[in-house]
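This report refers to the structure that appears directly beneath it.
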Amino acid sequence: MIQLSHKAYTLLKKHPFRIASGIRTSTPAVLVRLKYEGVEGFGEASMPPLYGESIASATAFLSKIDLSAFNDPLCTEDILSYINDVVPGNPAVKAAIDIALHDLTGKLLNIPIHQYFGLSARSLPTSKTIGIDRPEIIRKKVNEASKYKYLKVKLGGDNDHAIIEAIRKETDKPLYIDVNQGWKDRNEALEKILWLKEKGAIFIEQPMSKNAFSDMEWLASKSPLPIVGDEGIQRLPDIITAKNFYHGVNIKLMKSTGLREAFIMAMTARKAGLKVLLGCMSETSCAIAAASQLGTLADWIDLDGNLGITNNPFKGHMLKNGLIIQNKLPGIGLKTPQWNKIITNE
Ligand code: MG
């Protein structure tokens, strides 16, 4: 029998984090354990409030789950189809179960999950995210991120030019730009993209509202840099229509309901000629390690969510000189934690 346990666990941020839509100092999360014949798999739901899930909604969802009909945890498709259909929505808590189930599967088969998906292991350069801030703080953060080959820069507030100028005083590293739907006028957006290309940007993520369909279509046809959808891309059906508005997609486990659909999304996107960005929320190294398992499917990697929190309860996921080093541990690549010692801090 597969046993399900869970704990509320609020992620505490090292620094307040500002993007176009607001500022946060913590992120509600729920940790999940699946146990089968003494083997444990771990998962995580990270739930930034703007996506609508919470510890209360995740706990309510988990209380509806009954895995007693499933005798074999390797029947992943059956189990995850059941989880998907229990209640609509709830992608992050569904991801927590999906991640734990894959971790358990890898441990039962004694293989890392990238191997389970037919993927190789490789060192992966992740970008380091710089939130919206005053120029002097931006310059400090750029210097703190000296190990990273790429910076992911949040724009879309009222000081886009000052932020880029501050960065360019410190470094000429390539930049990933994330506007978080912050630009409101398509002509102004195109002007900024032309300027950012001159400044060494690689791509522009979600420049305008996910609902500004005609503006996004216009912008994608004119932009000299790839436009990547994030808020506009949640699950597999969004990949099918993505080509009208974007050149690439940001796939995150907390949106996709976990590894299984993220894998299918990344494969579908690649076959459709879309670029793949693998992203994250503020997360512990549990969900980050899980997403890293799909790293070789991505053109760009932004898996730094664990670096910004002070209370990460997991070990095993390694980052060296800005590179995610994939280990050979079975499952998602974590050392098995002592579940009973992880203290709920809600
Ligand atoms: Mg984004």
Side-chain angles (χ1 to χ4, degrees), residues 11 13 15-24 27 46-53 91-92 95 125-133 138 141 145 148 150-157 160 163-164 167 174-184 189 192-193 196 201-212 215-216 219-220 223 225-235 238-239 242 245-257 262 265-266 269 274-283 287-288 291-292 294-295 298-309:
L11 310 179
K13 290 187 163 294
H15 305 292
F17 184 60
R18 184 184 292 278
I19 61 169
S21 59
I23 191 160
R24 288 204 317 271
T27 305
S46 169
M47 299 169 289
L50 73 152
Y51 287 94
E53 290 181 78
T126 177
S127 55
K128 179 78 170 65
T129 300
I130 311 276
I132 292 174
D133 226 315
I138 296 279
K141 286 183 179 169
Y148 298 87
Y150 304 95
L151 299 176
K152 186 163 188 217
V153 183
K154 297 286 192 179
L155 295 182
D160 289 353
I163 287 173
I164 297 298
I167 291 169
L175 306 177
Y176 302 165
I177 303 293
D178 189 358
V179 188
N180 289 110
Q181 315 183 78
W183 295 339
K184 304 302 174 201
K192 282 198 172 166
I193 293 171
L196 286 162
I202 303 291
F203 63 77
I204 310 289
E205 190 176 324
Q206 203 70 55
M208 301 183 72
S209 163
K210 63 178 181 178
N211 299 318
D215 287 340
M216 285 302 308
L219 201 56
S223 172
L225 290 176
I227 306 276
V228 176
D230 180 6
E231 286 86 342
I233 303 293
Q234 304 287 320
R235 296 191 60 180
D238 300 317
I239 303 287
F245 315 105
Y246 307 108
H247 309 109
V249 291
N250 187 346
I251 298 173
K252 299 178 178 173
L253 299 188
M254 295 303 139
K255 299 189 296 183
S256 71
T257 70
M265 288 171 74
L274 289 159
K275 296 278 191 188
V276 172
L277 166 64
L278 208 46
C280 63
M281 312 292 182
S282 188
E283 292 167 2
I288 296 292
S292 304
L294 302 181
D299 297 280
W300 306 300
I301 291 182
D302 177 39
L303 293 174
D304 63 346
N306 57 323
L307 306 175
I309 64 169

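Just so you know, these numbers come straight off a predicted model, no measurement behind them. Atoms within each ligand, like the ligands themselves, are counted from 1 in listed order.
- The number of protein N/O/S atoms found under 2.8 Å from the Mg ion (ligand 1) is 3.
- Under a 3.5 Å cut-off, the side chain of Thr126 and the backbone N or O of Leu303 do form a donor-acceptor pair.
- Nearest heavy-atom pair across Ala287 and Met254 is CB-CE, 3.7 Å.
- A pairwise comparison of heavy atoms in Met265 and Gln234 identifies CE-O, 3.4 Å as the closest pair.
- For the residue pair Thr129 and Asp304, a side-chain donor N or O sits within less than 3.5 Å of a side-chain acceptor on the partner.
- Between Tyr176 and Tyr150, the two ring planes are parallel [angle under 30°; tilted spans 30° to 60°].
- Scanning all heavy atoms of the two residues, the minimum distance from Met208 to Ala189 falls at SD-CB, 4.2 Å.
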